Amino acid sequence: PHAKIAITTPSLDVIMDIYNELVLHLPQVGIRCSKKKSYGARVTCYSHGCLHHCEEPVDLLIADEAHETASENGLTK
């Protein structure tokens, strides 16, 4: 119940969809992307371009398109 969770995807539309769905079901959801910024939540959604803003260690990283996330240039796009 106290785990810090980060969710990331390369698609801005997908991260907004994930965020909008999670907000309906969880009490604290944050987001960091070019369209919206919200901090201090246990669960935070990050676009790939903003994942470097995740300063606190997380207990679980959920990556959509994980093959792209793990690629050599995946997080630098």
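Given the structure is predicted, the values throughout are model-derived calculations rather than measurements.
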| query | Listed by chain and number, what are the side chain to side chain contact (heavy atoms under 4.5 Å, CB included) partners of His53, not counting sequence neighbours? | reply | Arg32, Cys50

| Minimal non-hydrogen separation, Leu12 against Ser34, with atom names | CD2-OG, 3.5 Å

| message | I'd like to know if the side chain of Lys37 and the backbone of Gly30 have a donor-acceptor N/O pair within less than 3.5 Å. | response | no

| remark: Correct closest heavy-atom pair for Thr44 and Ile31 would be CG2-N, 3.9 Å

| field | Closest non-hydrogen atom pair, Cys33 against Met16 | value | SG-SD, 3.9 Å

| Cluster link Leu60 to Leu51, ILVMFWY, side chain under 4.5 Å | no

| task | Please name the residue in the list Leu22, Leu61, Val14 that meets the side chain to side chain contact (heavy atoms under 4.5 Å, CB included) test with Ile7. | result | Leu22

| request: Please tell me if the side chains of Val43 and Gln28 come closer than 4.5 Å, counting only heavy atoms from C-beta onward. | output: no

| Which value, rounded to the nearest 0.5 Å, describes the distance between Leu26 atom CG and Arg42 atom CZ? | 7.0 Å

| side chain to side chain donor-acceptor pair (under 3.5 Å): which pairs involve residues 11-22, sequence neighbours left out? | Glu21-His25

| remark: Nearest heavy-atom contact between Ile15 and Ser47 is CG1-N, 4.3 Å

